[in-house]
Q: 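Okay, handing you the structure first.
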Amino acid sequence: MAAKTTTEKVTASIVVRTAKAKLAPQKKTAAPGLTEAEAIQRAQAGDAQCFEILYGLHKRRVYSLCLRMTGNTAEAEDLTQEAFLQLYRKIATFRGESAFSTWLHRLAVNVVLMHLRKKGLPEVSLEETMEPQQEDGPRKDIGSRDNVLAGSIDRVNLERAIESLPPGYRIIFVLHDVEGYEHNEIAEMMGCSIGNSKSQLHKARMKLRDLLKITRAEKAMRR
Amino acid sequence: MNCSEFQRVLPEIIESGGNQEQEAHLANCTVCSDLVRDLRYIAEVAKLLVPMEDPDPRVWDGIEKTLEREGLIKRKHMTRSAGRMTARIVMMVASMAVLQCLQQVLRA
C-alpha cells in the first residue's frame, strides 16, 4: 500500500502542465530509487509491482484520453482497463524507439478507435460530414466585438462542449487539438484521408464555437 | 473575395495562413476575422487542456483480476489465504504437541 501512495505522489508531481510538456519526453521517477526506464525494464521481465507503478504514472493521461474520446465514464473506465491489459501483454515488444508515454498513448488511442469502430460510430459520422451541410455556408452572424469568444472560455466549459460534440467530430478534435497528433497520423489511425481529417477538424471547431456561444449566452441570461 | 469564398478555404487559411487576397478580406470583414480569431482561440485553449481525472480504483482492480485469471500475475488473495491456512496448521500441530506433552506429564 505504501508503494501505491508513493506512486500517487510521484504521479501528481509529474502531471503535465502545458501542451509542450504533454508531448516532450520526460525522465520520470517511478518510485524512490527507481526511474521510469527501470520500471519499464522490470515490467518487461514480468515484475507485476513495476507494472503497477507504470499504471500509477500513466493512468490519468490514458483515462483522460479515453474519457474525452468517448464522452462516457463507464466506457472510459473499460477502455482504460483494456489499454493497460494490452500494455501488460505487449510491454515486452516496447523497444524504446519512441518515448514510452508516446507508445502507450498510441496503444490507448488504438484501443479506443477499435472499440468505436465496433460500435460503428465514427464511420457513420465521417460519412455524414462528407455530405454538404448547411454549416458549410458562410457565417451570417454579425460580428460585433461581444460575439468574439477570445478570453471567455474556461476549461470546464470547453470540456463540456467537447463532450457534446458528435463522436466523429469529437475524436478528430481530441486527437488533433488536445493530444497534438498531426493530420497524417490521424488519417492513418482512422483509416480516412488527410483532407477528411482536416475537414472534420474544421467542422468540429465550428460546432464548438456555436456550443460555447450558446453556453455563454445562457450564462448571461441567468445573470 | 466575399465571405462565402473566404470561408470555403478557411481550414487551409487557419492552418497555413492566407494569400494576399484572403488576407485583404480578413482585414476588411469583421464577420470573417471574428470567426478566424475564435477558431484559433479554441485550438489554443484545447492545447492547454491537461488530464484532470484519475480513473476509479475499480479499474486497477479489474486489471489485476484479469491478469490473475489469465495466470499472468500471482494471485495475491490466494497467497494470503494460503498463508493463513499454513498458520492455522502450524497452530494446530503446536497445540497437539503441547497437549501430548501435558498428557505425558500427567501420566508421569
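We name chains A, B, ... by the order of the sequence lines, and we start the count at 1 in each one. Since the model is a prediction, treat every value here as computed from it, not as a measurement.
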Q: Step through the shown structure and confirm whether more than 12 heavy atoms of other residues, nucleotides or ligands are within 6.0 Å of CZ on B:Arg40.
A: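 Atom CZ in B:Arg40 is packed in, count exceeds 12.
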Q: What part of A:Ile162 is in contact with chain B, defined as an atom under 4.5 angstrom from a non-hydrogen atom: side chain, backbone, both or neither?
A: side chain
Q: Could you tell me which residues satisfy salt bridge (charged side-chain N to carboxylate O under 4.0 Å, His left out) with B:Glu70, sequence neighbours excluded, listed by chain and number?
A: A:Arg89
Q: Nearest 0.5 angstrom please: B:Glu53 CD to A:Lys59 NZ, how far?
A: 12.5 Å
Q: Working to the nearest 0.5 Å, report the span between CD1 of B:Ile63 and OG1 of A:Thr80.
A: 8.0 Å
Q: Measure distances from A:Leu212 to the heavy atoms of chain B and classify the residue's part below 4.5 Å as side chain, backbone, both or neither.
A: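 Looking at A:Leu212, just its side chain touches chain B.
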Q: First locate atom CD1 of B:Ile42, then atom CG of A:Leu211, and finally report the distance between them rounded to the nearest 0.5 Å.
A: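 That separation rounds to 9.0 Å.
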Q: Does the side chain of B:Leu49 reach to within under 4.5 Å of the side chain of A:Glu159, using non-hydrogen atoms?
A: yes
Q: Any side-chain heavy atom of B:Asp38 within less than 4.5 Å of one from A:Arg205?
A: no
Q: Pick from B:Thr66, B:Val45, B:Val59: which one has the most heavy-atom pairs with chain A under 4.5 Å?
A: B:Val59
Q: Flag the one option from B:Cys32, B:Pro55, B:Gly62, B:Ala43 with the top tally of heavy-atom pairs under 4.5 Å to chain A.
A: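 Maximum pair count with chain A is reached by B:Pro55.
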Q: Pick whichever of A:Ser64, A:Ala48, A:Gly46 has the most heavy-atom pairs under 4.5 Å with chain B.
A: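 It is A:Ser64.
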Q: How long is the straight-line distance from OH of B:Tyr41 back to CG of A:Leu158, given to the nearest 0.5 Å?
A: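 Going from the CG atom of A:Leu158 to the OH atom of B:Tyr41 covers 9.0 Å.
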Q: If you count heavy-atom pairs under 4.5 Å between each of A:Leu208, A:Val62, A:Leu85 and chain B, which one has the most?
A: A:Leu85
Q: Calculate, to the nearest 0.5 Å, the distance between atoms CG and CZ belonging to B:Asp54 and A:Arg61 respectively.
A: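 Atom-to-atom, B:Asp54:CG and A:Arg61:CZ are 14.5 Å apart.
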Q: Flag the pair B:Leu35 / A:Met206 as yes when at least one side-chain heavy-atom distance between them is below 4.5 Å, and no otherwise.
A: yes
Q: Please report the interatomic distance CH2(B:Trp60) to CD(A:Glu52), rounded to the nearest 0.5 Å.
A: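 Rounded to the nearest 0.5 Å, the CH2-CD separation comes to 4.5 Å.
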Q: Counting N and O atoms only, with roles assigned by atom type, does the side chain of A:Tyr88 sit under 3.5 Å from a partner on the main chain of B:Leu72, one being a donor and the other an acceptor?
A: yes
Q: Which residues in residues 10-24 of chain B have any heavy atom closer than 4.5 Å to a heavy atom of chain A?
A: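 Contacts with chain A: B:Leu10, B:Pro11, B:Glu12, B:Ile14, B:Glu15.
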